[in-house]
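Since the structure comes first, as structure tokens, the remarks are kept for the end.
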Amino acid sequence: MSFPLLTATAALPALGAIATAAVPAARRTAAKWLALIVSLATLVLAAIVLVRFDPDGDRYQLTESRAWIKDFGVRYELGVDGIAVALIALTALLIPFVILAGWHDADPLETGNTRWRPTQGFFALILAVEAMVIISFEATDVFLFYIFFEAMLIPMYFLIGGFGDRAHEHGEETASTQRSYAAVKFLLYNLVGGLIMLAAVIGLYVVAGNFSLTEIAAARANGSLDMATNTERWLFLGFFFAFAVKAPLWPLHTWLPNAMGEATAPVAVLITAVVDKVGTFAMLRFCLQLFPEASKWATPVILVLALISIIYGALLAVGQRDIKRLVAYASISHFGFIVLGIFAMTSQGQSGATLYMVNHGISTAALMLVAGFLISRRGSRLIADYGGVQKVAPVLAGTFLIGGLATLSLPGLAPFVSEFLVLVGTFARYPVVGIIATFGIVLAALYTLVLYQRTMTGPVKVEVAKMPDLRVRELVVVTPLIVLLIFLGVYPKPLTDIVNPAVKQTMTDVQKKDPQPEVEAAK
């Protein structure tokens, strides 16, 4: 029996979470180092998965399949395609930076009297989320996917509600109330989506007789499983609703600004750069593959929702006073682009959407983590409390600028390639939709440059006059992310080579071909 590489990649952070939580209370530093070492070991395993994956090979590789709940046809089935491999690599890459950035976020806190913050629990929860996200990308059994799709809500709930941002304008008591509200809102929104999906999962089993993604998709392709039109549409809606909440897609997005605003900056990165990607990934893997006809039926409405997300998120970002909420609304706009690319039903659009998932994760991590370093120095999330930072902390300001420019998809940085492919792929089939979506780029430039101008330029405010520049630990966090943004912006081929074969197979699932350009015959 070959080594179960996929299981090991998910099991290692899970075991690391248990070990970190078990570290004695007085050994906070040991718990931090243990979590970091486990995350780096997981990154090594993810790199091995990436190396062993053959883009020109079978659709699902490194597969594992074992009986689990025989009476209900549930199996422990894992397998990865190019899209999953890219997102597993992203997840494993970001977690060490999240841990390093949050090195002191769960240390004892002085609030008039000393209050213990369980450091071990903070880092254990991060590793638990990593394990659940990775196995969600690997699962090819629908029921197995559903379990971890829902289970990841529990550690995220405690990370948001129990370890919130210390920089709050209204004091600790109000901050605690708002953290609790944000955590409960996050949990309720996602639980409702999960319950609706559970009904659809049960319905799928009734129709198909098993939960295996590969078997059901094969039966759909060869005609041995023929779903009634209305049945397929209802099942699709059940799955899509849950994924749209997680994504987050307008109008199911309202939990995200609260969650990101009240969480620490590393946890905010965990939410939008890692956890939310499960929603858009699942649209590609499950919605399009299991329900191709329903996916095409719902496309016009979904494109409208994606457009609203793009414009609405960007407009609200322009008007934000809070740095972290600005990044949250910008992410809603970016997720609109991802959904737009998926349902444009073109190879360029879906390739761009997949690249966008990866590049958005890197760019948002860079911007939000630098913003977190900035906020921790000043003790405020309000944009108006800053000014002239680039004169006293030029390295911090420079990295903040690069993260911001990546957010607005500046050519030469990684998100530009993604956004360009999404817009080209959308315009090829839906030119009006593509034209409207480009306004999101203009608004992105507005909110990013205004944010930089108001925080980094102008006269130096008294409160930031003695602000220190980035420290060594913070540079270790930010520098690799900046390097990746530039490298993938200049040379995205390694990523596209992995992703494109999987995208072609998805296009085959929905029986769509790219529109041919209309070329006027030479006279």
Side-chain angles (χ1 to χ4, degrees), residues 12-13 16 20 28-47 50 88-107 119-120 122-127 129-130 159 163 165-167 263-274 323-324 327 358-378 389-390 392-407 413-414 456 467-489:
L12 181 58
T20 302
R28 295 196 312 273
T29 302
K32 297 174 183 180
W33 279 106
L34 176 59
L36 180 60
I37 291 169
V38 169
S39 68
L40 291 172
T42 305
L43 177 58
V44 171
L45 289 179
L50 185 63
I88 290 169
L90 171 70
T91 302
L93 174 70
L94 291 181
I95 296 300
F97 298 130
V98 167
I99 290 173
L100 272 175
W103 200 252
H104 299 297
D105 285 356
D107 286 348
T119 305
Q120 289 83 343
F122 178 75
F123 293 101
L125 289 169
I126 291 174
L127 291 176
V129 172
E130 179 181 22
L159 283 170
F163 301 92
D165 194 344
R166 298 179 181 183
T264 64
V267 172
V269 169
L270 198 61
I271 295 169
T272 190
V274 177
I323 296 173
K324 290 167 69 178
V327 178
V358 176
N359 295 332
H360 171 264
I362 299 170
S363 62
T364 299
L367 180 61
M368 179 59 84
L369 292 179
V370 177
F373 299 148
L374 178 69
I375 291 167
S376 67
R377 285 160 165 73
R378 173 66 177 84
V389 174
Q390 68 180 10
V392 297
V395 178
L396 188 155
T399 53
F400 190 81
L401 177 61
I402 295 174
L405 293 176
T407 298
L413 297 174
M456 302 296 163
M467 180 178 288
D469 215 332
L470 291 183
R471 303 178 179 93
V472 174
R473 173 178 59 86
E474 296 164 338
L475 283 170
V476 170
V477 170
V478 174
T479 303
L481 297 175
I482 299 298
V483 170
L484 271 175
L485 286 174
I486 297 171
F487 175 77
L488 292 176

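- The shortest distance between side-chain heavy atoms of Val395 and Leu475 falls below 4.5 Å.
- Each side chain to side chain donor-acceptor pair (under 3.5 Å) pair with one or both residues in residues 362-373, not counting sequence neighbours, appears once here: His360-Thr364.
- Taking Arg473 as the reference, nothing meets the salt bridge (Lys or Arg N to Asp or Glu O under 4.0 Å) condition, with sequence neighbours excluded.
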For the pair Leu127 and Ile99, evaluate side chain to side chain contact (heavy atoms under 4.5 Å, CB included) and give the outcome as yes or no after the intermediate values.
CA-CA 9 Å; Leu127 291 176; Ile99 290 173; 4.2 Å; yes
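- In this structure, CG in Leu367 is found 14.0 Å from CD1 in Ile362, a value given to the nearest 0.5 Å.
- Between Thr264 and Phe122 there is a side-chain heavy-atom pair separated by less than 4.5 Å.
- By the 4.5 Å heavy-atom criterion applied to side chains, Trp103 and Trp33 are counted as neighbours.
- Note: Ile37 CD1 to Thr42 OG1 = 11.5 Å, rounded to the nearest 0.5 Å.
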Could you go through the side chain to side chain contact (heavy atoms under 4.5 Å, CB included) check for Leu481 and Leu369 one step at a time?
CA-CA 10 Å; Leu481 297 175; Leu369 292 179; 4.2 Å; yes
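- The side-chain heavy atoms of Leu401 and Met456, taken from C-beta on, include no pair separated by under 4.5 Å.
- How far CD of Glu474 is from OG1 of Thr479: 11.0 Å, rounded to the nearest 0.5 Å.
- Listed for the Thr272 side chain is no donor-acceptor partner under 3.5 Å among the backbone atoms of Ala268.
- Side chain of Lys324 to main chain of Ala263: a donor-acceptor pair is present (N/O by atom type, distance under 3.5 Å, no hydrogens or angles).
- Here Leu43 contributes atom CG and Phe97 contributes atom CZ; the two are 8.0 Å apart, rounded to the nearest 0.5 Å.
- Checking side-chain atoms of Ser39 against main-chain N and O of Leu36 turns up a donor-acceptor pair under 3.5 Å.
- The CD atom of Gln120 sits 8.5 Å away from the OG1 atom of Thr20 when rounded to the nearest 0.5 Å.
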Could you go through the side chain to side chain contact (heavy atoms under 4.5 Å, CB included) check for Leu270 and Val129 one step at a time?
CA-CA 8 Å; Leu270 198 61; Val129 172; 4.0 Å; yes
Test side chain to side chain contact (heavy atoms under 4.5 Å, CB included) on Phe373 and Thr399; report intermediate values, then the result.
CA-CA 11 Å; Phe373 299 148; Thr399 53; over 6 Å; no
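- We find the CG-CG distance between Leu485 and Leu413 to be 6.0 Å, quoted to the nearest 0.5 Å.
- Put simply, the side chain of His104 reaches to within 4.5 Å of the side chain of Lys32, judged on heavy atoms.
- Considering only heavy atoms from C-beta on, Phe163 comes within 4.5 Å of Leu125 through its side chain.
- Side-chain atoms of Arg377 come within 3.5 Å of backbone N or O of Asp469 as a donor-acceptor pair.
- The shortest distance between side-chain heavy atoms of Leu93 and Leu484 falls below 4.5 Å.
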